[in-house]
Protein chains: 4
Amino acid sequence: MAIRYHTATFENIPSEKRERILRAASRVLGRDGIGGARMADVAAEAGVSHGSMFSYFPTKDDMIRAVIARGMSLQAERFAASDDEGAGFAATVRTVFRSAWDEASAEPELISLWLSLSLVENARFADAILPLERDSTERWRRVVARGKASGEIDQGIDDGAAAYLLDALAAQLMKSRASGLERAKLELFVGTGLAEAAPDRMTDAVVAMLR
Amino acid sequence: MAIRYHTATFENIPSEKRERILRAASRVLGRDGIGGARMADVAAEAGVSHGSMFSYFPTKDDMIRAVIARGMSLQAERFAASDDEGAGFAATVRTVFRSAWDEASAEPELISLWLSLSLVENARFADAILPLERDSTERWRRVVARGKASGEIDQGIDDGAAAYLLDALAAQLMKSRASGLERAKLELFVGTGLAEAAPDRMTDAVVAMLR
Amino acid sequence: MAIRYHTATFENIPSEKRERILRAASRVLGRDGIGGARMADVAAEAGVSHGSMFSYFPTKDDMIRAVIARGMSLQAERFAASDDEGAGFAATVRTVFRSAWDEASAEPELISLWLSLSLVENARFADAILPLERDSTERWRRVVARGKASGEIDQGIDDGAAAYLLDALAAQLMKSRASGLERAKLELFVGTGLAEAAPDRMTDAVVAMLR
Amino acid sequence: MAIRYHTATFENIPSEKRERILRAASRVLGRDGIGGARMADVAAEAGVSHGSMFSYFPTKDDMIRAVIARGMSLQAERFAASDDEGAGFAATVRTVFRSAWDEASAEPELISLWLSLSLVENARFADAILPLERDSTERWRRVVARGKASGEIDQGIDDGAAAYLLDALAAQLMKSRASGLERAKLELFVGTGLAEAAPDRMTDAVVAMLR
DNA sequence: TATGAATGAGATTTCATTCAT
DNA sequence: AATGAATGAAATCTCATTCAT
């Protein structure tokens, strides 16, 4: 069902090499951008020959899609892993904000790539992550619904707006791990050097607001 | 005091032409991205010769900085214009969200360009808008302070977090005017075709939450 | 005595496989041209591995020469088969034109390949078919000689020119089976859709002219 | 009405340079073939930079079409120039065969290019010369008609076949100037070193045959 | 000052050939 | 002997920048 952007050759090589290449691509794409990334750099960083890249992916665009697809499934896995239907609203928000923060810190280049997908110039890749965004939407809606059911969220609150706000906050936190500008902005609000505390502080704040 | 990125020649041409060039550059940069924009396209769109571009700006990077600087001062003007220290918190949020939305709708390419500046690949331009972000921060802090003073915001609310949240929401609304992906995400929350109502709905929601 | 362009390995594989490979090569060379043909395509079309091709033929050029040599001997066989020293001039011309037409229709890619050999860029392969051309010359000279002897050709006719003309006509007919342009040209003369009747019509015409 | 394959830039440069580039392209295409010709070689041979070539022609294919178009109009001019409706059949054939021979000798690379167009691999360019072929057809039909009217051609002769034969012979003579293989073949018929006499000898032969 | 032709370094992509398994 | 992954040189095309007019 999932579309494959790579060639049969790519499926035949050792999975260790496959991972190495996709990680290198992810790193270069995150660093130099979709347009600025050079296949030769990815090849060098992955320790394969320039020509080999094109035996793994028909075109640069295909490689990009493959990296996005991998990023998506990694993210989906993490979402699923952090999902605990039994936890309370505040605990859930705290867990999700914290894990979003940690994952973004671990692979900031994937976040950079994700940021790129919002640009019109890269719109042709955006469809690749829509499913993930949809997934994320649903997740937040359910979290809000549970919060209302448990009384942790005021009944008068607009569900959709609350979900949007929570999603936007999580996204903003992640972006501040990948982007110097977003990080600077975050520090303007929480204080220089206090970024690390941001996920918890935001959790407290948002939980308080919604009650 | 402000740094000039253009040449003396650029100052000698009619201001109408100057505007035309900067607007064309803005449009092309927003559409094709910082890396993907071509000087020849800007020239063609502005109705000047390709060669002239380099007599106005020493390099492409300089032209980009000039466009960003112009975007910044436009934005600063608007901020100043919409500032009404006498208005209440709710009214201020509504006005700012709405005007952010309208301005983004009017010049989405400036928003696109602004989005680009969060990417690491374009980090060398980010310092150009930091002053504006700082300005925006201060503004939201003052708005929150007024809200607390007037009792429209609960005393227990974390000031910094509230300001961050309001800023993030305003930014998110603006971005959804320039990016198909962000627009799709907004519609996932507020419902397809209901994007237009988003600024008011977000205002209502956030005002309710902070009370 | 004949030069071998293939390796010893090629001689050890089943003759069925050998044929399959040479036919595939012929097809690909005819379709994509000598320069444009890709070894990988030949391999795929023949159902052997890419690498094997180079264990059968040291280089692409060798493979091409092998294909040409095979085409030559096929053609020589057919020449010999259609040779009937006892037949009259008109009957001989008719038979040869018709069989040239039919053979070209059956394996147009061999004709394409033969056409390629007239190009300067492929001159290095031309020596491979000179013997065949020489053979063809001799054959036509003999046919003309028989025609004169039997009185079917006017004594005043220039033998060499007549033979050249007959050979050129036969060649032209064959080429029109492989080349869209040559076919279009033939139809300009004989009428659209009437190409199939061309061999007989040309036979009648040329027999009438030489009498 | 005529389609232009070059850019506006190409029209702005000195006509001397334009000619130089098209001639260089023609030479390289004739020598290395359509697929084998390299833009860098054309550029070097014309004394312009590699990059400039792409400011004159959007793509290599466009350059090829431009060269073909130029070859066509040169050829059409010559056709028109050698047209003498008042001349007798034999004189016309002699003039046309001779001028075809001379022109082919003067610019063999154009003939090579023309030969290339018969290959399936180059079929996408063939439509560019169909008008010329059509023109040539009509011309030979008229020549044959005049020959019949003046009694120089036997009434029983098949008009279409005669025209086809004359056209094929002219083409064959031209091709033998560009192709070593075709030249060798011609010499097999007329005798080594006697190629130069071929046009006249063929004229005599064909005039005799058709009477 | 304005123009637009010219340049060349650099990016993607192709493919004959090699070689480890 | 067979396979197919790996290689890297080379080809087309792009575009910021320069420069003669």
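Heavy-atom basis, side chains included; hydrogens, waters and symmetry copies ignored. Chain A is the first sequence line, chain B the second, and so forth, proteins listed ahead of strands; every chain is numbered from 1. A quick note: this is a predicted structure, and the numbers were derived from the prediction, not measured.
A:M53 places its CE atom 15 Å from the P atom of F:dA5, with the value rounded to the nearest Å. In this structure, D:F10 atom CZ and E:dG4 atom C1' are separated by 16 Å, rounded to whole Å. Distance, A:E16 CD to F:dA5 C1': 16 Å, rounded to whole Å.
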*Mind running side chain to side chain donor-acceptor pair (under 3.5 Å) on A:T59 and A:D62 for me, showing each step along the way?*
CA-CA 5 Å; A:T59 66; A:D62 286 300; 2.8 Å; yes
*Starting from the C-alpha separation in whole Å, work towards a yes-or-no answer on side chain to side chain contact (heavy atoms under 4.5 Å, CB included) for D:F54 and D:T7.*
CA-CA 9 Å; D:F54 292 88; D:T7 60; over 6 Å; no
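C:A44 comes within 4.0 angstrom of nothing in the nucleic acid, heavy atoms only. Backbone-only contact: C:A37 has heavy atoms under 4.0 Å from sugar-phosphate atoms and none from a base. If you check every strand for non-hydrogen atoms under 4.0 Å, B:Y56 touches sugar and phosphate atoms only.
If you find the closest nucleotide of DNA chain F to A:S52 and to D:R38, the one lying nearer the 5' end belongs to A:S52. Comparing B:G47 and D:V48 by the nucleotide of DNA chain E whose heavy atom lies nearest to each, the residue mapping closer to the 5' end is B:G47.
The backbone N or O of C:I13 lies less than 3.5 Å from a partner atom in the side chain of C:R18, making a donor-acceptor pair. The backbone N or O of B:I34 sits less than 3.5 Å from a side-chain atom of B:K60, completing a donor-acceptor pair.
Using a 4.0 Å cut-off, no side-chain N or O of B:S49 falls inside it from OP1 or OP2 of E:dA2. The phosphate of F:dA1 has neither OP1 nor OP2 within less than 4.0 Å of any side-chain N or O from C:S55. Phosphate proximity of E:dT1 to B:K17: absent, as no side-chain N or O sits under 4.0 Å from OP1 or OP2.
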Under 3.5 Å, side-chain donor or acceptor atoms of residues 115-122 of chain D against the rest of the protein: list the pairs with distances, not counting sequence neighbours.
from: D:S116; atom 1: OG; to: D:S112; atom 2: O; distance (Å): 3.0
from: D:S118; atom 1: OG; to: C:E182; atom 2: OE2; distance (Å): 3.0
from: D:N122; atom 1: ND2; to: D:S116; atom 2: O; distance (Å): 3.1

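Below 30°, between 30° and 60°, or above 60°: for D:H6 and D:F57 the angle between ring planes is above 60°, a perpendicular geometry.
For C:R70 and C:E19, the salt-bridge test passes: some basic side-chain N is under 4.0 Å from an acidic carboxylate O.
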Under-3.5 Å N/O pairs linking protein and nucleotides 17-21 of chain F:
from: F:dT17; atom 1: OP2; to: B:K60; atom 2: N; distance (Å): 2.9

